[in-house]
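Please read the structure below before turning to the comments.
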Amino acid sequence: MILTLLSMSCKEKKETVESENSSNSEMTLSPEVTFANDTVNKKVEVRIDGQHFTSYVYDGETPKPILYPIITKSGKTVTRGFPFAPRANERTDHPHHAGLWLNYGDVNGLDFWNNSYAIPDEEKAKYGTIYHQEIMGMDEGAGKLTIKAAWRSPDNVDLLEETTQFSFSEEGNTRFIDRTTTLKALQEVSLKDNKEGMLGMRMTRELELPSDKPAEYTDAEGNVTEVKVLNNEGVNGDYLGSEGLTGGDVWGTRNKWVKLEGNMDTETVSVTIVDNEENVGYPTYWHARGYGLFAANPLGQAVFSEGKETLDFKLKQGESTTFKYRILIHNGSSLSKEEIDQSFSEFNQ
């Protein structure tokens, strides 16, 4: 390079250096995150370099705000369509499983997890609702969206004030969602150990684990949901936990991260949820089912340990706790354990 510059004219040298500086600048440009708040349909659309990534939906059609849908850089939708935009051959069980959400199955005895439009009127007194309150900030330069919500009882008592910051970004073929949620107790609050929690996603049919047997699942209220056998064509998902377990063996175990990977239209696609060392209950237990529920539950310890551990987490009035999670949405290759461990380390710095 030095010898080449010596043989050039001053003008040629200047043009060459400027060209290289320009190229280096282009290589280091971060993808642009933009937000569009649709106040009519009550959602904030999140785009990366002009492509739809996800939307923060606060329209009340689900009894909690959600991110929906979630789309890879290559345009694959990794979340289930039902109940808002059902797709052919997908399951229609568990109507409360929509997009990406955070809530819990026992907050002062109220079930926030299982609440949905399917709950009959005579049963609604058992369920809590998370109400979006306000958008506190949209920082496109940093890719950050900050919201406030209220965890409310059916008799209109606010139990928890939620402040959540979503940080959206992209690196190569990986899109990132970093979710930081602070829950402040407005009353004395008990979050008794419960299977139904806490950070959850409901995945597209292709990323389910193949199964040739029906199954029944019972919630904390004793309600039974049957998961039927469907055609397994195109269904090829598999879990991998940080401790080496795979498939259905991941359910009810502790891991610092879990990856769900499969092929969609011949392309390798994965979703990885990463825990944070500062979270209560770290490393979290995983409520990760083969039929497409993918959830991290740090508070259900008595259930997952079969009574060997008990947490029964509580907050006094005015106290707060914060939960941090990273979600990696990747396409085009298989994310290795080493790559995910590196992301875990960066997230926990």
Side-chain angles (χ1 to χ4, degrees), residues 31-88 90 92 94-103 112-119 121 124 127-154 156 158-170 175-183 199-204 325 327 329:
E32 181 185 33
V33 177
T34 55
F35 301 117
N37 186 13
D38 181 348
T39 56
V40 174
N41 295 301
K42 297 184 178 179
K43 63 181 180 180
V44 179
E45 189 172 275
V46 182
R47 291 183 171 270
I48 298 182
D49 283 346
Q51 293 184 327
H52 189 200
F53 176 21
T54 188
S55 294
Y56 171 73
V57 181
Y58 58 98
D59 61 7
E61 288 192 37
T62 60
K64 71 264 186 179
I66 61 174
L67 294 183
Y68 173 91
I70 297 176
I71 305 168
T72 68
K73 184 177 181 178
S74 61
K76 304 290 194 304
T77 300
V78 298
T79 43
R80 177 174 71 163
F82 178 82
F84 306 116
R87 298 193 288 268
E90 70 177 3
T92 57
H94 296 87
H96 51 284
H97 293 170
L100 171 70
W101 70 93
L102 187 148
N103 62 10
F112 282 77
W113 180 270
N114 288 287
N115 197 2
S116 76
Y117 65 83
I119 301 300
D121 290 343
K124 287 184 177 179
Y127 296 87
T129 300
I130 302 176
Y131 289 93
H132 169 83
Q133 299 289 283
E134 63 175 302
I135 294 171
M136 302 175 67
M138 291 189 292
D139 184 345
E140 293 185 332
K144 297 184 186 298
L145 171 68
T146 307
I147 65 93
K148 183 179 286 187
W151 294 44
R152 189 170 296 165
S153 73
N156 291 318
D158 287 352
L159 304 177
L160 292 165
E161 177 187 83
E162 173 186 334
T163 304
T164 290
Q165 182 182 86
F166 298 99
S167 178
F168 303 100
S169 59
E170 179 180 286
R175 288 179 164 180
F176 296 78
I177 303 170
D178 288 354
R179 175 173 183 148
T180 302
T181 293
T182 298
L183 301 176
L199 179 86
M201 294 183 69
R202 185 61 190 263
M203 313 308 300
T204 185
Y325 296 100
I327 300 96
I329 313 298

Atom pair [atom1]/[atom2] of [X] and [Y] - distance to nearest 0.5 Å:
X: T146; Y: D139; atom1: OG1; atom2: CG; value: 8.0 Å
X: L183; Y: N103; atom1: CG; atom2: CG; value: 10.5 Å
X: K148; Y: E161; atom1: NZ; atom2: CD; value: 4.5 Å
X: M138; Y: I147; atom1: CE; atom2: CD1; value: 13.0 Å
X: S153; Y: L159; atom1: OG; atom2: CG; value: 5.5 Å
X: I48; Y: T34; atom1: CD1; atom2: OG1; value: 9.0 Å

Practice problem: List the steps and the verdict of side chain to side chain contact (heavy atoms under 4.5 Å, CB included) for I66 and L100. | Solution: CA-CA 5 Å; I66 61 174; L100 171 70; over 6 Å; no
Worksheet item: Taking it one step at a time, do E162 and R152 satisfy salt bridge (charged side-chain N to carboxylate O under 4.0 Å, His left out)?
Response: CA-CA 11 Å; E162 173 186 334; R152 189 170 296 165; over 6 Å; no
Query - CA sep, side-chain torsions, deciding dist, call: Y56, H132, side-chain hydrogen bond (donor to acceptor under 3.5 Å, both in side chains) - result: CA-CA 11 Å; Y56 171 73; H132 169 83; 2.8 Å; yes
*For this output row, return yes or no: ring centroids of F112 and Y127 closer than 6.0 angstrom.*
no
How close do [X] and [Y] get, heavy atom to heavy atom, and via which atoms?
X: V33; Y: V46; answer: CG1-CG1, 4.2 Å
X: K43; Y: Y58; answer: N-CE2, 3.4 Å
X: K144; Y: F35; answer: O-CE1, 3.4 Å
X: T77; Y: R87; answer: CG2-NH1, 4.0 Å
X: T129; Y: P63; answer: CG2-O, 3.5 Å
X: D59; Y: N41; answer: CB-O, 3.7 Å

Under 3.5 Å, is there a donor-acceptor pair between the side chain of [X] and the main chain of [Y]?
X: H52; Y: T54; result: yes
X: T79; Y: I70; result: yes
X: T39; Y: K42; result: no
X: N115; Y: G128; result: yes
X: E90; Y: G81; result: yes
X: S55; Y: V57; result: no
X: D158; Y: A150; result: no

**OP:** List the steps, then state whether side chain to side chain contact (heavy atoms under 4.5 Å, CB included) holds for T180 with D178.
**Re:** CA-CA 7 Å; T180 302; D178 288 354; 5.6 Å; no
Min side-chain heavy-atom separation [X]-[Y] under 4.5 Å:
X: F53; Y: I329; value: yes
X: F84; Y: P69; value: no
X: Y68; Y: T62; value: no

When you look at F176 and F168, which way does the ring-ring contact (aromatic ring centres under 6.0 Å, His included) test go after all the steps? CA-CA 6 Å; F176 296 78; F168 303 100; over 10 Å; no
Indicate yes or no: does E45 engage R47 in a salt bridge with an N to O separation below 4.0 Å.
yes
| task | In plain terms, say whether E170 and K73 are close enough for a salt bridge, that is, a side-chain N and a carboxylate O under 4.0 Å apart. | result | yes
Side chain to side chain contact (heavy atoms under 4.5 Å, CB included) with R80: of H97, M203, M201, only one passes, and it is H97
Worked check of side chain to side chain contact (heavy atoms under 4.5 Å, CB included) between V44 and F166:
CA-CA 12 Å; V44 179; F166 298 99; over 6 Å; no
